Amino acid sequence: MKKFTLLLATFAMVAMGAQAQTVTKALNAEGESTFDWSKASQFVPIVVGDAEYEAMKTKGIKADLRVDDQTKHLWVWNSTYVSGDGSGMNSFGQLEDHLALTVSNVGWSGMGIISDNALDMSYIDDTYMLHFGIKGNPANPQCIGFCDSKFALGDNPYVDNGSTIKNLGTWKNDGEWYYVDVPVSVIKKISDPWTAAQGGQKAYKNNYFWTLSGGTQGVELHLDNIFLYKSSDLGTTVAKGDVNGDGVVNVTDATTGVNIVLGTETNADYMSRADLNGDGVVNVTDVTAIVNIILGASN
């Protein structure tokens, strides 16, 4: 058991550095977008600027979910937000307005984007990413909802009705834009985005993007260019070491490998992916190989 103790200690040491790069700087030193258009296609715009929409058209629009105030609407729930300052440069380096909301004085907050008609979202598979830009003060955590699933961003935990929402990362309080890119596979592991109660994935009828910012008056929410896209980085081939198949090789995969060795994890897919050297057995050698991938000592 000493080997497992040492490995678990290693996992704890690398856990912070091994998290998925969910949040990245939006603009480089020259003010140019760091979004890699070459790896993106089949866009599903929700709230996007004109320049970005034109760029998306060249790569393919799979479905248009943009707010149009005709059949697709952005609703602020019970006057819980008021409009903020959405002017200036957006997350793609364009002088275009962004979505800016400020929590009002009613003790809670909420915004949702919904369609009058049920949506067939069955085309959204594990090769898709949810993308948006965010800026502001990360000390004020934000809850982001995609269909029936939700996650948090920020420096501090986000608690909703007594439950702490899974946090996927934070950004710097430097006034700059940051991109948030979350694989749909990760969202699905948090909870089912398309519950049967809301029509399922083929006839979804609830808010398909929504936010909560708590109840403290004056907290600001700044979001920009909200869309889904198919990422060439999320092909059907699972990366080496990605034991749980969520698109990221991190400490969770290493821990899952340990559980397989100990006999407490018996998922056949996980066991197959954990056999890194292909000898038909998952043992400490495979777990060590996963740790080395996390640490960047192997590829």
Side-chain angles (χ1 to χ4, degrees), residues 42-50 52-53 56 61-86 90-92 96-104 106 108-124 128-136 141-153 158 160 165 168 177 179-184 186-188 190-195 197-214 219-230:
Q42 298 298 296
F43 287 87
V44 183
I46 299 175
V47 177
V48 301
D50 293 339
E52 291 75 24
Y53 183 70
M56 290 176 188
I61 303 291
K62 181 65 178 180
D64 193 342
L65 299 185
R66 289 179 297 167
V67 173
D68 56 18
D69 293 325
Q70 296 178 25
T71 61
K72 300 179 184 69
H73 314 274
L74 186 156
W75 300 117
V76 170
W77 303 332
N78 298 334
S79 301
T80 56
Y81 288 111
V82 295
S83 296
D85 183 4
N90 73 4
S91 65
F92 278 80
E96 294 179 330
D97 289 347
H98 67 271
L99 179 61
L101 300 169
T102 303
V103 177
S104 65
V106 298
W108 66 288
S109 59
M111 174 277 290
I113 299 175
I114 194 169
S115 172
D116 292 341
N117 306 311
L119 298 174
D120 183 354
M121 307 182 85
S122 58
Y123 57 88
I124 302 176
Y128 269 85
M129 286 265 201
L130 172 66
H131 171 98
F132 55 90
I134 192 168
K135 70 175 182 176
Q142 304 288 344
C143 179
I144 306 296
F146 173 66
C147 297
D148 292 334
S149 190
K150 58 189 174 183
F151 57 88
L153 297 166
Y158 191 98
D160 181 33
I165 308 303
L168 294 185
W177 282 107
Y179 289 146
V180 178
D181 290 272
V182 185
V184 167
V186 172
I187 295 173
K188 286 162 61 177
I190 296 172
S191 63
D192 183 6
W194 302 285
T195 60
Q198 298 300 339
Q201 192 172 4
K202 290 189 176 181
Y204 189 73
K205 59 186 179 182
N206 205 353
N207 299 288
Y208 51 89
F209 186 88
W210 50 276
T211 66
L212 303 172
S213 300
V219 168
E220 296 182 355
L221 171 63
H222 294 270
L223 297 176
D224 182 57
N225 277 296
I226 306 164
F227 56 85
L228 292 147
Y229 67 96
K230 182 182 284 287

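Just so it is clear, the structure is predicted and the values come from calculations on it, not from any experiment.
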Not counting sequence neighbours, list each pair that qualifies as a salt bridge (Lys or Arg N to Asp or Glu O under 4.0 Å) and has a residue in residues 62-71.
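For residues 62-71: Asp64-Arg66.
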In Å, rounded to the nearest 0.5 Å, how long is the span from [atom1] of [X] to [atom2] of [Y]?
X      : Y      : atom1 : atom2 : value
Phe209 : Ile226 : CZ    : CD1   : 4.0 Å
Phe146 : Trp210 : CZ    : CH2   : 12.0 Å
Tyr128 : Phe43  : OH    : CZ    : 9.5 Å
Tyr53  : Glu96  : OH    : CD    : 14.0 Å
Tyr81  : Met111 : OH    : CE    : 6.5 Å
Tyr123 : Gln201 : OH    : CD    : 9.0 Å

Check against side-chain contact (heavy atoms from CB on, under 4.5 Å), Leu130 and Asp181
CA-CA 6 Å; Leu130 172 66; Asp181 290 272; over 6 Å; no
For residues Gln142 and Ser213, is any side-chain donor paired with an opposing acceptor at under 3.5 Å?
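Gln142 vs Ser213: donor-acceptor pair found between side chains.
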Closest non-hydrogen atom pair between [X] and [Y], with its separation:
X      : Y      : answer
Ala63  : Pro45  : O-CD, 3.2 Å
Ser122 : Lys202 : CB-CG, 3.9 Å
Leu74  : Val67  : N-CG1, 3.8 Å
Ser104 : Ser79  : OG-O, 2.7 Å
Cys147 : Met121 : SG-SD, 3.9 Å
Asp97  : Asp224 : O-OD1, 4.2 Å

Which residues pass the ring-ring contact (aromatic ring centres under 6.0 Å, His included) test with [X], not counting sequence neighbours?
X      : answer
Tyr179 : Phe92, His131
His98  : Trp177, His222
Tyr208 : none
Trp75  : His73

What pairs with [X] under side-chain contact (heavy atoms from CB on, under 4.5 Å), at least two apart in sequence or on another chain?
X      : result
Asn206 : Ile114, Asp148, Gln198, Tyr204
Pro141 : Asn156, Tyr158
Ser149 : Ile187, Ile190, Ser191, Pro193
Asn78  : Thr80, Trp108

Quick one: side chain to side chain donor-acceptor pair (under 3.5 Å) partners of Asn225, sequence neighbours excluded?
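Side chain to side chain donor-acceptor pair (under 3.5 Å) list for Asn225, sorted by chain: empty.
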Any non-hydrogen side-chain atom of Leu228 less than 4.5 Å from a side-chain atom of Val184?
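Answer yes - side chains close enough.
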Residues that Lys188 engages under salt bridge (Lys or Arg N to Asp or Glu O under 4.0 Å), provided they are two or more places apart
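Listed in chain order: Asp126.
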Suppose we screen for salt bridge (Lys or Arg N to Asp or Glu O under 4.0 Å). Which residues come up paired with Asp160, at least two apart in sequence or across chains?
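Scan of Asp160 (salt bridge (Lys or Arg N to Asp or Glu O under 4.0 Å), adjacent residues dropped) gives Lys150.
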